[in-house]
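Treat the numbers as computed from the prediction; the structure is a model and nothing was measured.
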Amino acid sequence: MQKLHIYNSLSGKKEEFIPLVPGKIGMYVCGPTLYSEPHMGNMRTFINFDFIYRCLLHLGYDVKYVRNITDAGHITNSAGQEVDSIGKVAKAEQLQSLEIVYKYNVKFQTLQQLYNLLPPSIEPTATSHIQEQIEAIEKILSNGYAYVTNGSVYFDVRAYMNDYPYGTLSGRKVDELEAETRTLQSQGEKRFFADFALWKKAHAEDMQIWRSPWGDGNPGWHIECTAMSTKYLGKSFDIHGGGMDLKFPHHEDEIAQNCGAFGCNPARFWLHANMLNVNGQKMSKSLGNFFLPKEIIEGSSPLFDKPYSPSVVRFFMLQSHYRSTLDFTKEAINASEKGFERLMEGMSLMEKIEPSQSSSFLVSDIIKATSDAICDDFNAPILIATLFDVVKHVHLLCDGKEQLTQEDLNLLKSIFTNMVHGVLGIEPVKKEENKRLEGVMEVIVALRQQAREQKNWNMSDMIREGLEKAGIQIKDNKEGTSWT
RNA sequence: GGUCUCGUGGCCGAGCGGCUAGGCACCGGUCUGCAAAACCGUCUACUCCGGUUCGAAUCCGGACGAGACCUCCA
């Protein structure tokens, strides 16, 4: 198996990846919170980790991919403010929290299919792991890294810092943090500003309430990931992923909880996907500069003039590296769409190639280039560039300017389709099934062909221009006439 | 304010000290009744100023600019 190098946020460097158990990988990725429909920025992260998952599978690893679903409102933030996002939406929509969660879960599952995300091995939900969360909290308590105040449990960062460093992932120092925190005054029940809730006492108006040894309440924001990653992957596993914006405090606190409970960092490799930008700024709910994955497919977003297929959107996103920010503009995705079509065209052209007695280039070079790209921190843009190189070869092969033996040809086809469908997860755009239109077009094309044979250019041009106005483009190829 | 990241040709976007991706657009060509489409080819960029080096987009220092995190956020 080729050496795989992955950029590890913990060290800030690319490191050789060696799984804990040979041939097997445990990967945990922070999934959505079900209080609204995920926007395109959220999707980018899921698409990126789907690509990474596909890469790992392609490399032959047996991957256990866990992506959680947060269906319990996080009841606190580090400023001590009460923020129950799910409960808030539930009240606004006059529904129960469970209905909100169910509603957005259905939407999320639909989106996953639309965008061709492979289903994770398991998608555990926070609410069905309350017991595991309570047990994790008890562990942290008994290890002396948490305290109970008035029915709530807080992580004791100062006690923790006696035994472990805090802030290693995000590169923060607690004394600096303190000076920089803007909302020092609202510390509330916490002993120390950096402490965070593991369990929060319930309020009468809370919609989701669970029993616990400390009274009725709700789990804190970070503990679900600790509980569920431990349950499904163990105290220590290979890869933990998520969006860049979760690095602090969420992932930092996850590390603290895991160390506090089990004495070890949960993951050896931490991967962070970068943000999707709109006009150079992070796409976010609060800024309102977002559009939905559904809108771009339907063409209903005012930011774009037309719909794009999910594969085009995926392709567009994978043309940038997961650790880079990506600006989503009309111009950029239009450019990608053209490239996407060229790639797909190359793929179908490949079927027409006739095998030769000898090969004029090495397919093994191409295979090596693709796996080099994948093994260099999942470099999708380089992988795509390699595929365009294949497209170039395909054209030359069709023109008879290059040759491949049947064996090499089969190899080329297999690597190409494997990369496009299996690894990039993109599919040719299906033409709308419209039997009647197809029948009509067949007649029109035949009529035009007849006019052309009679050199009746007025007629043939009139047909062409008329169709153009109707949004149908005529393409005269050597083999005949096609339309789109 | 603190911490961090980034600044590449008309646009998007790779690059991790020498071999100077890729896509789109432009331009030129092939093809075509003409056009479109398709294909082929061309275009050599790294914010600025210093430094290290035989050699820097790539390393170091500084300036300017942009962004992220420090509050829920993928």
Pair partner, [N] [Watson-Crick or wobble, under 3.5 Å]:
N: A21(B); result: none
N: C39(B); result: G29(B)
N: G67(B); result: C4(B)
N: C48(B); result: G62(B)
N: A57(B); result: none

Once base and sugar-phosphate atoms are separated, protein heavy atoms under 4.0 Å mark nucleotides 34-41 of chain B, 5' to 3', with B, S and - as BBBS-SSS
Check whether any side-chain nitrogen or oxygen of N379(A) sits under 4.0 Å from OP1 or OP2 of G15(B), and answer yes or no.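 Looking at the OP1 and OP2 atoms of G15(B), one of them is under 4.0 Å from a side-chain N or O of N379(A).
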S324(A) side-chain N/O to A14(B) phosphate OP1/OP2 under 4.0 Å: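 Yes, within the criterion.
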Sugar-phosphate only, base, or nothing, as touched by [X] at under 4.0 Å among non-hydrogen atoms:
X: L276(A); result: base
X: I384(A); result: nothing
X: S336(A); result: nothing
X: G41(A); result: base
X: N48(A); result: nothing

Using only modelled atom types and a 3.5 angstrom limit, is any donor from either the side chain of T386(A) or the base of G22(B) paired with an acceptor on the other?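 Result: no qualifying N/O pair found.
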How would you list, by chain and number, every residue that makes a side-chain hydrogen bond (donor to acceptor under 3.5 Å, both in side chains) with H421(A), sequence neighbours excluded?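 For H421(A) the side-chain hydrogen bond (donor to acceptor under 3.5 Å, both in side chains) partners, ignoring immediate neighbours, are E427(A).
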With rounding to whole Å, what would you report as the distance between [N] and [M] at their [atom1] atoms?
N: G18(B); M: A57(B); atom1: C1'; answer: 13 Å
N: G29(B); M: C54(B); atom1: C1'; answer: 42 Å
N: G50(B); M: A38(B); atom1: P; answer: 46 Å
N: G9(B); M: U32(B); atom1: C1'; answer: 33 Å
N: C60(B); M: U71(B); atom1: C1'; answer: 36 Å
N: G7(B); M: C59(B); atom1: P; answer: 10 Å

Is it the case that S170(A) and E252(A) place a side-chain donor and acceptor less than 3.5 Å from each other?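 Yes.
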If only side-chain N and O atoms count, and only distance matters, is there a donor-acceptor pair under 3.5 Å linking E123(A) with Q112(A)?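 A pair is found: one side chain offers a donor N or O, the other an acceptor, under 3.5 Å apart.
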Rounded to the nearest Å, what distance is computed from the CG atom of residue L318(A) to the P atom of nucleotide G23(B)?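 In whole Å, G23(B) P lies 17 Å from L318(A) CG.
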Nearest-nucleotide comparison on RNA chain B, the residue closer to the 5′ end among D327(A) and K455(A):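 Whichever sits nearer the 5' end wins; that is D327(A).
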Nearest-nucleotide wise, let me know which of M43(A) and H321(A) is further upstream toward the 5' end of RNA chain B.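 Its nearest nucleotide being more 5', the pick is H321(A).
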Parallel under 30°, tilted from 30 to 60°, perpendicular over 60°: which one fits the rings of Y53(A) and Y65(A)?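 Geometry flag for Y65(A) against Y53(A): tilted rings.
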Can the positive tip of R172(A) be found less than 6.0 Å from the middle of the six-membered ring of F248(A), inside 45° of the ring normal?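 That pair qualifies as a cation-pi contact.
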Among the nucleotides G15(B), G2(B), A74(B), which one has an atom lying closest to any side-chain atom of I382(A)?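 Selected nucleotide (nearest to the side chain): G15(B).
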Do F291(A) and F304(A) have their ring centres less than 6.0 Å from each other?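 That pair passes the under 6.0 Å test.
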Indicate every side-chain donor-acceptor pair of residues 372-381 of chain A with a distance under 3.5 Å to a residue at least two apart or in another chain.
from    : atom 1 : to      : atom 2 : distance (Å)
D372(A) : OD1    : Q2(A)   : NE2    : 2.7
D372(A) : OD2    : K368(A) : NZ     : 2.8
D376(A) : OD1    : K14(A)  : NZ     : 2.8
D377(A) : OD1    : Y7(A)   : N      : 3.1
D377(A) : OD1    : Y322(A) : OH     : 2.7
D377(A) : OD2    : H321(A) : NE2    : 3.4
D377(A) : OD2    : Y322(A) : OH     : 3.4
D377(A) : OD2    : R323(A) : NE     : 2.8
D377(A) : OD2    : R323(A) : NH2    : 2.9
N379(A) : OD1    : I382(A) : N      : 3.2

How about CD on Q113(A), more than 12 heavy atoms from neighbouring residues, nucleotides or ligands closer than 6.0 Å, or not?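 Counting neighbours around CD of Q113(A), 12 or fewer heavy atoms of other residues, nucleotides or ligands fall under 6.0 Å, so no.
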